[in-house]
Number of protein chains: 2
Amino acid sequence: MKIDTDNPYNELKRVFHEPSRLAIMSALCAAAGGLSFNELKAACDLTDGNQSRHLKTLESAGMVTIKKGFIGVKPRTTVFLSDQGRESFLDYLSALEIVLQRAADAVQPGDVSLPHVSPAGA
Amino acid sequence: MKIDTDNPYNELKRVFHEPSRLAIMSALCAAAGGLSFNELKAACDLTDGNQSRHLKTLESAGMVTIKKGFIGVKPRTTVFLSDQGRESFLDYLSALEIVLQRAADAVQPGDVSLPHVSPAGA
DNA sequence: GAAAACTACTTTGCAATACAAAGCTGAGGT
DNA sequence: ACCTCAGCTTTGTATTGCAAAGTAGTTTTC
């Protein structure tokens, strides 16, 4: 998909443009084998209720796949990134990068005052 | 303000984390002398109603200052970035950069597939 | 072996709010 | 006098983020 560089703000899809869901998507992107409900909860620091709701939102949008099963006697919900989810998320990130770049330029033209962070240390 | 790199998602303040308001803040950052209601509208591609509401939100949060006057007989609303607004926005952008970096790393560890954009071409 | 507590979620309810459409106010045109 | 237009503001609706309460099955406690 081509990003509209004139209006990258339009490309900031709401399904991703939400701190909690951004965290969920990032965590899932790094976990090829999916993550359990609790692993995800720990990674994103969410409450059960909120995570449940956000997962449902992401699932309805086709961005993640949810598999419910049992480990022994305990229920086990596992969440996977869907192919479409990964693709759409990449588009979102591209748009976000353009927006960020533009903002950084606007803040102090000729002198980007944002410190460059090193790769996520978590 | 120190950014919580463990949970940068918490630093994504809602007052900025909204495409339209992001656009407004970016536009204002680049305009030291403020922007008129209509200039801003053109820059952000917003409808009158939405812009009015977003400006009120930003003003309530103390992020912008709004000055209403007249040019000849016509009303002229001018919007300025407040000092606190600039500062808070910078914090927001820092958090956003961390989030983006982390997501990019998660998507394809060892190979950032996001194309690097050149400074805003607008 | 019944009751209480725990795990792993889901549902409900409320408050916030994004957006569009309608409204308002004064100025100019005819 | 009436219409229209510019420059905003207000209203109404539908969405939704979040916390708290609820559900179902399991294990522990006494």
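Every chain is numbered from 1 and lettered A, B, ... according to where its sequence line falls, protein lines coming before strand lines. Everything numeric in this text was worked out from a predicted model, so none of it was measured.
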- line: In whole angstroms, the gap separating P of dC19(C) from NE2 of H17(A) amounts to 10 Å
- request: Classify the nucleic acid contact of Q51(A) as base, sugar-phosphate or nothing, counting any heavy atom under 4.0 Å across all strands shown.
  value: nothing
Nucleotide nearest K56(B) (side chain, heavy atoms from C-beta), chosen from dC8(D), dT10(D), dA18(C): dT10(D)
Value in whole Å for how far the P atom of dT11(D) lies from CZ of R53(B): 11 Å
field: Minimum-distance nucleotide to K74(B) side chain [options: dC19(C), dA20(C), dA6(D)]
entry: dA6(D)
task: Report the residue (N38(B) or H54(A)) whose heavy-atom-nearest nucleotide on DNA chain D is the more 5′ of the two.
output: N38(B)
Out of dG17(D), dC9(C), dA20(C), whichever nucleotide has its closest atom nearest the side chain of R21(A): dG17(D)
message: Can you tell me which nucleotide in dA18(C), dC8(D), dA8(C) comes closest to the side chain of T57(B)?
response: dA18(C)
- request: Tell me which of L46(B) and N50(A) sits closer to the 5' end of DNA chain C, going by the nucleotide each one is nearest to.
  value: N50(A)
query: NA contact type, K41(B), heavy-atom cut-off 4.0 Å: base, sugar-phosphate, or nothing?
result: nothing
message: Around atom CD of E39(A), are there more than 12 heavy atoms from other residues, nucleotides or ligands closer than 6.0 Å?
response: yes
- prompt: For R76(A) and dT26(D), what is the distance between atoms CZ and P respectively, to the nearest whole Å?
  reply: 16 Å
query: Atom CZ of F70(B) and atom P of dG7(D): how far apart are they, to the nearest Å?
result: 12 Å
- line: Closest non-hydrogen contact found for S82(B) with G62(B) is OG-O, 2.7 Å
task: Decide, yes or no, whether a salt bridge links R14(A) with E18(B) under the criterion of side-chain N to carboxylate O below 4.0 Å.
output: yes
query: So what does T77(B) hit on the nucleic acid, given a heavy-atom distance under 4.0 Å: a base, only sugar-phosphate, or nothing?
result: sugar-phosphate
- prompt: Phosphate oxygens OP1/OP2 of dC18(D): is one of them under 4.0 Å from a side-chain N or O of T47(A)?
  reply: no
- line: Result for 5'-nearest mapping on DNA chain C, choosing between R14(B) and V73(B), is R14(B)
- prompt: Parallel, tilted or perpendicular: which fits the ring planes of F89(A) and F16(A), with parallel below 30° and perpendicular above 60°?
  reply: perpendicular
